[in-house]
There are 2 protein chains.
Amino acid sequence: MKETFAPLAGGRRATGGGGAPPAPAALAAKVRTLAPSMTRSMQRVAEAVAGDPAGCAALTVTGLAELTGTSEATVVRTARLLGYPGYRDLRLALAGLAAQQQSGRAPAITTDIAVDDPIADVVAKLAYDEQQTLADTAAGLDTVQLGAAVAALAAARRTDVYGIGASGLVAQDLTQKMLRIGLIAHAPGDTHLAVTNAVQLRAGDVALAITHSGSTGDVIEPLRVAFERGATTVAITGRPDGPVTQYADHVLTTSTARESELRPAAMSSRTSQLLVVDCLFVGVAQRIYESAAPALAASYEALAHRHGALRGDRGR
Amino acid sequence: MKETFAPLAGGRRATGGGGAPPAPAALAAKVRTLAPSMTRSMQRVAEAVAGDPAGCAALTVTGLAELTGTSEATVVRTARLLGYPGYRDLRLALAGLAAQQQSGRAPAITTDIAVDDPIADVVAKLAYDEQQTLADTAAGLDTVQLGAAVAALAAARRTDVYGIGASGLVAQDLTQKMLRIGLIAHAPGDTHLAVTNAVQLRAGDVALAITHSGSTGDVIEPLRVAFERGATTVAITGRPDGPVTQYADHVLTTSTARESELRPAAMSSRTSQLLVVDCLFVGVAQRIYESAAPALAASYEALAHRHGALRGDRGR
DNA sequence: GACCGAACCGAAAATATCTTTCATGAGTGA
DNA sequence: TCACTCATGAAAGATATTTTCGGTTCGGTC
């Protein structure tokens, strides 16, 4: 009998070793995010869980193992990977998810975009998918990590942002915005430049890498250099277990939406990354509001001026 | 290889003789209804359960017993009385209830982002705003104009995309994607380059200008040149009455969401522009599917290879 | 005021469920 | 081909839940 002590029910559960708190409704997103790093058996389990939360919530660990043709151990492993201490907690979350789905509106499942879809359908489906991506990302974002990253950025002497390809544009977006509120940020255009820059970083600086795959060498390399130089490093990636996280003090996970031939992964990852970047920006702007406010106002001013040149500027 | 393939999870005990199916969300009511027929200890348990479903869902039977100063047996008895086969099922229902309650009180995000908003609120509000922007954009997009622009792009000998600042990133995004499916597109980095390029355009080419304000000279100028050279011109702008539309054969309108000091207009306009650009891209990819398909597949391949380097698996 | 019966209640045994360990074998890269 | 890693499930081990059973309290009765 372990009469230890009442485990202080009300409060938040002590986040186990994982670091990522259990997801409430972001489970489907999490499954998609982590699916690539799962083994086949675990994928089967994850698929079953994501496909029928209500049904799986009614199953014991043994039942789910049999249903998916795997073993109890695999089920537990999957639960762990999804961020729960064990199957019991996954099951609880599943029940919650099922209840939400039930009470909520229809799942509104959309089909993939087809080659012969009329243009109006394309618009509707793309908009829906991106909205979904945003919701997933927001739900799956670790606010603790985010807060830490914000704090680091706000206090940084200078910030380097690394990204290649589509992620490079996101990197530039963040850089532009940071410059606009008076922070020093760079987004080196190519890898060599990035590494050269990274060498200059030291404690108190921040290096931020953006890569969907989590394994883009061109981005990892400068981050590694920055990491070793003592800079605070942040990674924005869709693969929280990818190599890039090895050198990241803080990891921000972007969601991975289902993709189709006509809707490459790059689209949803970009949407997801931009949301994260926006969150970082706003968070930082809050922190340094005193000094950022004039800059923000100045931006306003400049824009208003442009608009003013137009016509009756219906402001706002 | 024991592909026994368990038919259904049915193996579990049938719901006891009770006959009453587990209550979904009417738990609080049920507690009140049954309270009179409960013993004192059971009432304590029922009260705790009804008062803090989320908290109780996190407790084991022992924990709840201690919290209420009763015993496990009493907790189980209470669960039975409430219509569940046992505590385990009550707990599951509790988790569902908690999730429902949580999701129920979501619409508090109608306010602007404040300086002292906690980071979690920032995430929620930003995501919500961007979703709103997407919905607005999709609703306001003229599919006829869009279709015409798609047709022009798909048939173009070459395409120039103009954009400055944040819009410049969107321009680059479109350019990257078009190149990836074998179309010739450029996004000149500065105005002079843009104009120089524009001079080369002629009938059968497309020039596409992206500007939120609709009056950005750096973007209008090259578009004007292209227009006069006989190229088909497209404008993506938030001001369908702005100067830029003067030289545009097709105008695609982006939505302008409300902005606040901490959420500059650039954010929502970017989201909006990207959606439009994605629609253009997908539309074009549909039109030239025959030639684009191999390129799209090749992109896939390249990505898969990257992933392959990470770990061995490629489901999907 | 004392006795009796019934029902409440909790401690601990019994059972079910979940978690961990460990040996095996499939797949991979050299 | 061989060594090696890692996924995998069987079974042991740990926890949680359910049941059993006897003590206790309360209300009614004589």
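Letters A, B, ... mirror the listed sequences (proteins, then strands); counts begin at 1.
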Just jot down the side chain to side chain contact (heavy atoms under 4.5 Å, CB included) partners of B:A57, sequence neighbours excluded, or say none.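 In terms of side chain to side chain contact (heavy atoms under 4.5 Å, CB included), with neighbours along the sequence ignored, B:A57 is linked to B:L94, B:A95.
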A:S41 side-chain proximity, nearest of C:dC9, C:dG10, D:dT8: D:dT8
From the list D:dT8, D:dG9, D:dC26, which nucleotide is the closest neighbour of the side chain of A:T39? D:dT8
Between [N] atom [atom2] and [X] atom [atom1], what is the distance in whole Å?
X     : N      : atom1 : atom2 : answer
A:L59 : C:dA16 : CG    : P     : 17 Å
A:R40 : C:dG25 : CZ    : P     : 17 Å
A:L81 : D:dT8  : CG    : C1'   : 15 Å
A:L67 : D:dG9  : CG    : P     : 14 Å
A:L94 : C:dC18 : CG    : P     : 12 Å
B:E66 : D:dA16 : CD    : P     : 11 Å
B:M42 : C:dC8  : CE    : C1'   : 10 Å

Donor + acceptor pair across side chains of [X], [Y] (<3.5 Å):
X      : Y      : value
B:D89  : B:Y87  : no
A:T39  : A:S41  : no
B:T74  : B:S71  : yes
A:T254 : A:Q273 : no
A:T211 : A:T216 : yes

Option passing side chain to side chain contact (heavy atoms under 4.5 Å, CB included) with A:M42 (candidates A:L82, A:L34, A:T78, A:T68): A:T78
Tell me what B:R44 touches on the nucleic acid: a base, only sugar-phosphate, or nothing, going by heavy atoms under 4.0 Å. nothing
Hey, what are the protein-to-nucleotides 19-24 of chain C N/O distances that come in under 3.5 Å?
unit_1 : atom_1 : unit_2 : atom_2 : d
C:dT19 : OP1    : A:Y87  : N      : 3.4
C:dT19 : OP2    : A:Y87  : N      : 2.7
C:dT20 : OP2    : A:R80  : NH1    : 2.6
C:dT20 : OP2    : A:R80  : NH2    : 2.3

Quick one: is D:dT8 close enough that its OP1 or OP2 comes under 4.0 Å of any side-chain N or O from A:T74? no
Taking only side-chain nitrogens and oxygens of A:S71, does any of them come within less than 4.0 Å of OP1 or OP2 of D:dA10?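 It does not, given that no N or O in the side chain of A:S71 lies less than 4.0 Å from OP1 or OP2 of D:dA10.
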